[in-house]
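The next block holds one structure in the form of structure tokens; read it before the comments.
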Protein chains: 2
Amino acid sequence: MTNPRRRDAAATRQLLLDAARRRFAEDGYSATSVRDIATDAGVNVALISRYFTSKEGLFRACLRGTVDDLKQSVFENTTLESATGLIAEKVGGPHTEQPNQLLLLLRSSGDEAAEQIRLDTLGSLGRRLAVAAGGEPDDPELLLRAQLVLAAALGTVILRAARLQPLATAGQDELTGCFQNLVAALLAPAPERTAAEGTATEEAAAENAGPEEQA
Amino acid sequence: MTNPRRRDAAATRQLLLDAARRRFAEDGYSATSVRDIATDAGVNVALISRYFTSKEGLFRACLRGTVDDLKQSVFENTTLESATGLIAEKVGGPHTEQPNQLLLLLRSSGDEAAEQIRLDTLGSLGRRLAVAAGGEPDDPELLLRAQLVLAAALGTVILRAARLQPLATAGQDELTGCFQNLVAALLAPAPERTAAEGTATEEAAAENAGPEEQA
DNA sequence: TGGGTAAGTCAGCGATCGTTTACTTAGCTA
DNA sequence: TAGCTAAGTAAACGATCGCTGACTTACCCA
């Protein structure tokens with residue numbers, strides 16, 4: 001066997017990150033105590049303050065981790081088809097290891113910095129989806145529909161986490177089919193969906209000028 | 001002016017319920033303290049224990065209130081068209097008074113009884129939607145798609161609560177158009193939705209033949 | 001092989017949590 | 001109008017929260 005060092009700061013840090021991501025995603029920020037996390041990680045509580053300054057710092061570190069993973073995946077899926085597959089995978093893929101990390105994007109800590117990361121990431125994902133649909137990322141109507149696809153995906157994650165049957169145990173392939181229909185209906189490249197709307201969307205577009213995604 | 005009784009148990013109870021519903025929906029269960037609620041309501045903290053036994057009891061009372069409101073609305077909208085309108089209204093309607101009460105259905109208190117109310121309500125809403133679509137409430141594939149519509153609605157509520165632009169400030173009529181497309185794609189009475197995809201969806205339907213949960 | 005330092009432990013701080021108890025007071029009725 | 005009861009108040013309980021500072025110990029290198 002590999003003789004693991006009994007004292008390894010990087011490994012301990014990672015243990016804390018893993019435990020925290022699970023707890024924060026599953027139970028939420030304020031329902032999770034630092035002692036819960038430390039116990040799960042099999043590590044002393046004081047090390048959270050040492051490695052992450054504070055509980056908020058630990059949460060931000062968790063958030064940065066999932067955001068990085070997510071941006072990496074998004075970067076590799078630029079077409080509408082592969083993006084749809086990515087969504088179905090992230091939503092319905094096997095999460096035997098950890099609870100679905102998309103949940104972390106919906107957990108609020110009350111910390112302003114973390115909140116900003118959350119919002120920036122969600123905004124970036126929407127724009128990516130709009131681009132994948134063949135449109136411009138600042139077309140407000142298209143962006144709205146892209147965010148609705150995002151909302152459907154995140155809502156599905158939540159309901160699955162709530163163990164709502166049969167959605168909770170639906171397979172990834174079933175979800176893929178549904179999301180293909182959903183994406184086709186909302187983001188179809190051919191604009192045939194002029195069913196029934198008629199009001200202005202202009203003023204909503206202007207105030208969405210936040211920082212952009214970086215690799 | 002009307003001279004309101006300075007001591008009115010029913011009115012005070014309602015003040016607490018209103019303040020609690022707002023706080024629980026906005027900030028979540030564990031991030032809200034009973035002192036927050038009592039202060040918002042302009043009422044002494046001890047009255048929460050008196051009228052609702054505990055913080056959990058207060059949360060259950062809030063949940064029952066929104067569930068009753070919701071079931072009332074659902075009862076009056078049995079067709080797929082009116083149900084779609086109801087969804088758009090609940091999701092995008094003016095929530096100047098209170099934060100969107102659908103949020104409460106997604107807030108977990110850790111209390112088992114409250115969790116059961118939550119799950120039962122979500123399950124019931126899905127079945128209602130499946131029936132409105134002209135199907136049977138125990139058809140697992142249809143129920144899955146109905147729950148996906150539900151997921152889209154709830155996800156939208158969450159992203160609007162997170163103030164994601166332009167979704168957060170989109171008008172009800174814009175949302176109505178989107179949700180009409182979405183419902184048409186997922187719950188179209190005529191099963192023509194096997195068209196748009198090239199991947200197989202058939203074997204996915206086969207393994208989902210087991211009997212589902214009870215009404 | 002001994003010493004320096006990073007890694008980890010331990011106990012406890014002050015604050016806040018939900019809840020309870022003893023008390024005061026307003027309002028209806030006899 | 002006297003008095004009883006329900007409505008509301010004030011204070012504090014024990015538990016738990018996030019966090020800190022002093023301490024111990026394992027590991028690496030000279």
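Heavy-atom basis, side chains included; hydrogens, waters and symmetry copies ignored.
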message: Once you apply a heavy-atom cut-off of 4.0 Å, does A:Thr32 come out as touching a base, just sugar-phosphate, or nothing?
response: sugar-phosphate

field: Under 4.0 angstrom between B:Thr12 side-chain N/O and D:dA7 OP1 or OP2
entry: no

- line: Separation of C:dC17 atom P from B:Phe59 atom CZ, nearest Å, is 18 Å

message: Among B:Asp69, B:Asp27, B:Asp40, exactly one meets salt bridge (Lys or Arg N to Asp or Glu O under 4.0 Å) together with B:Arg21. Which residue is that?
response: B:Asp69

message: Base of C:dT25, side chain of B:Arg7 - is there a donor-acceptor contact under 3.5 Å?
response: yes

field: Contact under 4.0 Å: A:Tyr51 side-chain N or O vs C:dG8 OP1/OP2
entry: yes

Of the listed nucleotides D:dG18, C:dT19, D:dG8, the one nearest the side chain of B:Lys55: C:dT19

- prompt: Counting only side-chain N and O atoms of A:Ser33, is one of them less than 4.0 Å from OP1 or OP2 of D:dC17?
  reply: yes

message: Among C:dC10, D:dG18, D:dA10, which nucleotide has an atom closest to any side-chain atom of A:Arg35?
response: D:dG18

Within 45° cone of A:Phe24 ring axis and under 6.0 Å: A:Lys55 NZ or CZ: no

message: Taking any heavy-atom pair under 4.0 Å as a contact, classify A:Val45: base, sugar-phosphate, or nothing.
response: nothing

B:Ser49 vs C:dG18: side-chain N/O to OP1/OP2 distance below 4.0 Å: no

statement: Winner on side-chain proximity to A:Arg50, out of C:dG18, C:dA7, C:dC10, is C:dA7

message: Need to verify one output field. Residue with the more 5' nearest nucleotide on DNA chain C, A:Ala10 or A:Ala46?
response: A:Ala10

